[in-house]
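The structure under discussion appears below in the form of structure tokens.
As a basis for the values below, the full set of heavy atoms in this structure was taken, side chains included, without hydrogen atoms, waters or symmetry mates.
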2 protein chains.
Amino acid sequence: MHSPTENRDTLTKRLTDTGLRPTPQREVVFKVILEKRTHPTADEIFAMVKAQMPTISLATVYNCLETLVQNGLVRQVNFDRAPTRYCPNLHEHAHFHDEVTGEVHDIEVPVELLSQLRALLPAGYDASAIELSFRGKASPLPGHN
Amino acid sequence: MHSPTENRDTLTKRLTDTGLRPTPQREVVFKVILEKRTHPTADEIFAMVKAQMPTISLATVYNCLETLVQNGLVRQVNFDRAPTRYCPNLHEHAHFHDEVTGEVHDIEVPVELLSQLRALLPAGYDASAIELSFRGKASPLPGHN
DNA sequence: GTAGGAATTGGAATAATTCTAATTCTTAAT
DNA sequence: ATTAAGAATTAGAATTATTCCAATTCCTAC
Ligand SMILES: [Mn+2]
Ligand SMILES: [Mn+2]
Ligand SMILES: [Zn+2]
Ligand SMILES: [Zn+2]
């Protein structure tokens, strides 16, 4: 388990290690994404962050998100025509978008399968990113709740 | 090969077979998507359609597209934060988005592989759609142009 | 301590899409 | 043929997510 302090230090360290200035705004945005692992949208993040830092602006949230994404600390996840969501899981993984609840779940993808996907591409095609997403409903299993 | 007339009749038939009124607007929108297999956006479609039918409105293009998509005559394709594109290829397939040229290419996916993808989902997860897309660059092969 | 660049801020601007309410078309019955 | 009723089209306004802008504030290296 990480203490809150330890956690915050780790977080600060991840920013500085990446060559980013650990501004309070970046830290709180990053923290919120790491804590709520629910793939929040920019303005969900804005709302949560504002509770801790009432002076922060939405523009700054967008700026921080862009920085975090560009530096590989956070992943950006897009669904059909919906607002962009942000994910702290850096493993290559897929997403399941529950069309009933709106929830987004991470789906692990074996590297083995990823290379099979890459192999679909004709010669000369070089993919820098693969995006795999499922949409549907996740029924609770009978006997589980 | 299909003559233009034959083509137009087929197209009309596909609309009526689906239970849709074959309005001139729907026909021309559909025709444009079938001809230009380049995954055009709504306003690229609007521009092309307008040449043949100068009075059509953008709202109608959007309405037609929605109808065609809902009735399974055309597929909708979304990339990162870019405008929605439309694809007449009804086979389940993936897309390669060339980040240099902006072009979009269809990638065929064996059903076998699709079921492996489905198998990634935990029990109780039922996917009504799977989206797979690649982003990267497609270098022309040496010796080919 | 200061200068210079980096980051933040509020508000305006943009871009894609959807909504609204009025008009025009089609269709199917009379 | 006429007509009523519903369907589709239209122009323009509205919405939403995101980006841009210019001014201010903040840090950091000297
Ligand atoms: Mn939101
Ligand atoms: Mn466009
Ligand atoms: Zn995720
Ligand atoms: Zn396609």
| Between dG10(C) (C1') and I56(A) (CD1): distance, integer Å | 13 Å
| message | Quick check for you: to the nearest 0.5 Å, what is the distance between K36(A) atom NZ and K31(A) atom NZ? | response | 13.5 Å
| Does dC25(C) have OP1 or OP2 sitting under 4.0 Å from an N or O in the side chain of R21(B)? | no
| remark: Rounded to whole Å, the CG-P distance (N63(B) to dC25(C)) equals 16 Å
| Minimum-distance nucleotide (side-chain atoms of P83(A) versus dG11(C), dT18(D), dA8(D)) | dT18(D)
| query | Is any side-chain N of the basic residue among D80(B) and R135(B) closer than 4.0 Å to the acidic one's carboxylate O? | reply | yes
| said: Heavy atoms from C-beta onward define the side chain here; which of dT9(C), dT17(C), dA6(C) lies closest to that of L58(B)? | reply: dT17(C)
| remark: Between OH of Y62(A) and P of dT16(D) the distance, given in whole Å, is 13 Å
| query | Any donor and acceptor pair, going by atom type alone, linking the side chain of N71(B) with main-chain N or O of L73(B) inside 3.5 Å? | reply | no
| message | Taking any heavy-atom pair under 4.0 Å as a contact, classify T23(B): base, sugar-phosphate, or nothing. | response | sugar-phosphate
| query | Starting at CG of L15(A) and ending at C1' of dA6(C), how long is that distance when rounded to a whole Å? | reply | 15 Å
| request: Output the single nucleotide from dT26(C), dA6(C), dG12(D) whose closest atom is nearest the side chain of P24(B). | output: dT26(C)
| request: Decide yes or no for R75(A) and N89(A): does some side-chain heavy atom of the first lie under 4.5 Å from some side-chain heavy atom of the second? | output: no
| field | Phosphate OP1/OP2 of dT10(D): any T60(B) side-chain N/O under 4.0 Å | value | yes
| Side-chain donor/acceptor of R26(A) to backbone N/O of C64(A), under 3.5 Å | no
| task | Choose from dT10(D), dT17(C), dT9(C) the nucleotide whose nearest atom is closest to any side-chain atom of T84(B). | result | dT17(C)
| Below 4.0 angstrom from OP1 or OP2 of dA17(D), is there any side-chain N or O of T41(A)? | no
| Phosphate-side-chain proximity, Q25(B) and dC25(C), N/O vs OP1/OP2 below 4.0 Å | no
| task | Could you list by number each residue of residues 66-81 of chain A showing a heavy-atom separation from DNA chain C of less than 4.0 Å, or answer none if no residue does? | result | R81(A)
| Can you tell if the side chain of F79(A) reaches within under 4.5 Å of the side chain of V104(A), non-hydrogen atoms only? | yes
| remark: Separation between NE2 (H105(B)) and NE2 (H93(B)), nearest 0.5 Å, reads 12.5 Å
